[in-house]
Amino acid sequence: MKPVMIVAGTRPEVIKLAPVLRGLEKENVDYLFVWSGQHYDYLLSQIFFKEFELAEPKVDLKVGSGSHAMQTAEIMLRLEHTIKDYSPTVVVAEGDTNTVLASALVSVKCLTPFAHVEAGLRSWNMLMPEEVNRRVADAVASLHFAPTKWAALNLLFEGISSRTVHVTGNTIVDALQEFMSRVANLSDGVLSEYGLERNNFILVTLHRAENTDNHERLESILKALNELSQHYPIIFPIHPRTRNAVARFGLSKHLSRIRVIEPLGYFEFLALLSNCRIVLTDSGGIQEEAFTLKIPIVTLRYNTERPETTLHGVNVLAGADKDRIVKSALMQTERSEEIRKLNFKNPLGDGKAGKRIAQLLRDIIEADLTVKEPDLRDTPMIEYRLLNEGSSIEGSSLFDLLVAFDEDGKPTPPNLKGSSSRLLARIKSSFDDKDSSNS
Ligand code: UD1
Ligand code: UDP
C-alpha cells in the first residue's frame, strides 16, 4: 500500500509530529518520514529523534539554511522527486515553517492531497513569515487538523469547508503527557547542573525573525533581560539565529549577567520550563507548553496566534519594549503561585490529538482518499441553533445572523429575509467529553 508521507524539518516539527507517528504505528498505517534539513545541527534535529525514539528519517533532503525563497524553492524541487518516487496517499506537515509551505505547495502541484496539522492559527500579521506559510498551507490543504475551536473558526471564516476541518487538540499536550513523569525524575539533576533553585529563576528563549533581525528590538529585549537579572537568575538556551544576531549587532555586553547556554534537548528543556518561576519567550510551542504546565509566560511579541494561552492571564504579551517586558515579568513573578494553582480544562487539548489524527488519516486511506463526511446528527462538529427559538418572526425585517454555512460547509451570506432570528454555529471539538479533562 502507498505510504502516508510525513514531512518535517525543524525542532518543533519533530516534537509535535512524534505523537502522530506513534499513532500511525498503532493503527498499522505505513508511513514515510521525510526530513527537509531546514534544521541540521545535532541540537536542533537528531537529538529529538533519539529522545522520541524515532527511526532516522528515511529521506533527508539536506536543504540547509538560506533565504526564504531559496529554502522554500529547494525543498519544493527536492520533495517533488521524493513524492514522485514514493507516490504517497497523502502528505502531512505540521505548523508554519518554510518546510510546511514547500510541502503544501509541492503536494498539491503533484495532485497529492495535503494534510495540515496545527491548521487555523492566525496572528493577523502578514509580515511574519510564519503567517504567510500557514495561510498558504491552509488554503491548499485537503485536510485541516485544527488544534482548537478557535483555530477551526478562523478556517471557516476564510471560506474553508467545514468538511475538511477536524478539531483534534494540539499534539504538544500529548508530548507533555507522555514525558512529564520522566522529566520530573530528571529535574533535580538538571537544576543542580545549572546551579538553579526550583521556582526561583527565569527561563528565556528567543528566535523570531521580527526580534532577532531588528537591532533595536533585539537590544531592547536584551536590556530588559539585563535589568531582570538583578531580581532573578536567568538561563537562556540560545537559538543559533539569535546567537548570530547578537554577535552581528555587537550586543553581547547585555548578556554578561545571563547564563547563555546551547539549545537543550527536550527533556532537559522541559525540566527547566516546569521548574522556572516564569518564562520569557517568542516561541509558539513554548507558549503552549507553559500554559499547559501553568507556568506564567511573558511573550516577547505584540500578538499571538495562540490566544487561548492568554486565558486567566497565564500569558501576557509584552512585545519588545524594555520597560513593558520588565514590568510584565515582575508582575508574572508575583502571580506565579496563583497561576500554578489555577484549575481549568485545557483548551489546547487532552493528550489524544496524535491518536485522533492518525485514525482520521487511516480512515481516509481506507475510504480510498475520500474524506468521510462527519455525521452531524450523533457527533456534530457544528451545531446550528436559533438563539431566540420560539419567538415570532412575522412582520420583522430585523435579523442578526452570526454565521451560516451552505451544503458544502462553506460560510455563506445571510438570507433570512423577514426573520428576526439569530443563528449560532457552535464548534464541537473531539475532546469536549467530560471524562477527557486534563486540568
Ligand atoms: C524556523 C522557522 C520558525 C520556527 C523555528 C523553530 C521559518 C520561516 N522559520 O526559524 O517558524 O519557529 O524554525 O526553531 O521556517 N541555523 C543553524 N543551525 C541549524 C539551523 C539554522 O545555525 O541547524 C541558523 C542559520 O544561520 C540560519 C538561521 O539559524 O540562517 C535561521 O534558521 P531558519 O531555519 O531559517 O529559521 P529559524 O529561525 O530556525
Ligand atoms: N525546545 C527544546 N530545547 C530548547 C528550546 C526549545 O527542546 O532549547 C522545545 C520546546 O520545548 C518546544 C519547541 O522546542 O517544544 C519549540 O521550538 P521553537 O521555539 O524553536 O519553535 P516554535 O514553537 O516557535 O515554532
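Just so you know, ligand 1 is whichever comes first in the structure, and atom 1 is the first atom listed for that ligand.
Residue Ile15 has at least one heavy-atom neighbour below 4.0 Å for each of these atoms of ligand 2: 9 (C), 13 (C), 14 (O), 15 (O). Which parts of ligand 2 touch Pro263 is read off a 4.0 Å heavy-atom cut-off, strictly below it: atoms 8 (O). The ligand atoms of ligand 2 that sit less than 4.0 angstrom from a heavy atom of Pro237 are 8 (O). Under a 4.0 Å criterion applied to the non-hydrogen atoms of Arg208, ligand 2 contributes the atoms 22 (P), 24 (O), 25 (O). Per-residue contacts place Phe48 under 4.0 angstrom from the following atoms of ligand 2 (heavy atoms of the residue considered): 7 (O). Within ligand 2, counting atoms from 1 as listed, the ones closer than 4.0 Å to a heavy atom of Tyr266 are 7 (O), 11 (O), 15 (O).
At a heavy-atom distance under 4.0 Å, only side-chain atoms of Phe269, from C-beta outward, approach ligand 2. Neither the backbone nor the side chain of Glu130 comes within 4.0 Å of ligand 2, counting heavy atoms alone. Neither the backbone nor the side chain of Glu268 has any atom closer than 4.0 Å to an atom of ligand 2 (non-hydrogen atoms only).
Under a cut-off of 6.0 angstrom, the local environment of CD in Gln230 is crowded, with over 12 non-hydrogen atoms contributed by other residues, nucleotides or ligands.
With respect to atom 5 (C) of ligand 2, the closest heavy atom belonging to the protein is Arg11 NH1, 3.2 Å. Nearest non-hydrogen protein atom to atom 16 (C) of ligand 2 is Ser283 OG, 3.7 Å. Scanning the protein heavy atoms around atom 23 (O) of ligand 2, the nearest turns out to be Gly285 N, 2.8 Å. The protein atom (non-hydrogen) at minimum distance from atom 21 (O) of ligand 2 is Pro12 CG, 3.4 Å. For atom 11 (O) of ligand 2, the closest non-hydrogen atom of the protein is Glu289 OE1, 2.7 Å. The single protein non-hydrogen atom nearest to atom 2 (C) of ligand 2 is Leu264 O, 3.5 Å, given as residue, atom name and distance.
Using a 4.0 Å cut-off between charged side-chain N and carboxylate O, Glu118 and Arg306 make a salt bridge. Between Glu131 and Arg134 there is a salt bridge, since a side-chain N of the basic residue sits under 4.0 Å from a carboxylate O of the acidic one. By the 4.0 Å N-to-carboxylate-O rule, Glu219 lies too far from Lys322 to be salt-bridged with it. For Arg22 and Glu25, the salt-bridge test fails: no basic side-chain N is under 4.0 Å from an acidic carboxylate O. Under the 4.0 Å criterion applied to side-chain N and carboxylate O atoms, Lys84 and Glu80 are assigned as salt-bridge partners. A salt bridge does not link Glu305 with Arg122: none of the charged nitrogens is closer than 4.0 Å to a carboxylate oxygen.
Using bins of under 30°, 30° to 60° and over 60° for the plane-to-plane angle, the ring pair Phe179/Phe267 lands in the tilted bin. Between His207 and His239, the angle of the ring planes stays under 30°, which puts this pair in the parallel group of the 30/60° scheme.
When heavy-atom distances to ligand 1 are checked against 4.0 Å, the residues falling inside are Thr10, Pro12, Gln38, His39, Tyr40, Asp41, Leu44, Ser65, His68, Gln71, Asp96, Thr97, Asn98, Glu130, His207, Arg208, His239, Pro240, Arg241, Asn244, ordered by chain and number.
Shown here are the side-chain contact (heavy atoms from CB on, under 4.5 Å) partners of Ala8, two or more places apart in sequence or in another chain: Glu13, Leu17, Phe33, Trp35.
Not one N or O on the side chain of Arg198 forms a donor-acceptor pair closer than 3.5 Å with the backbone of Asn275.
The heavy-atom pair separating Leu311 from Phe291 by the smallest distance is O-CE1, 4.0 Å. Taking all atoms of both residues into account, the shortest heavy-atom contact from Asp174 to Lys355 is OD2-N, 4.4 Å.
Glu288 does not count as a contact of ligand 2, since none of its heavy atoms falls under 4.0 Å from the ligand.
A cation-pi arrangement is present between Lys294 and Phe344 under the rule of less than 6.0 angstrom and at most 45 degrees off the ring axis.
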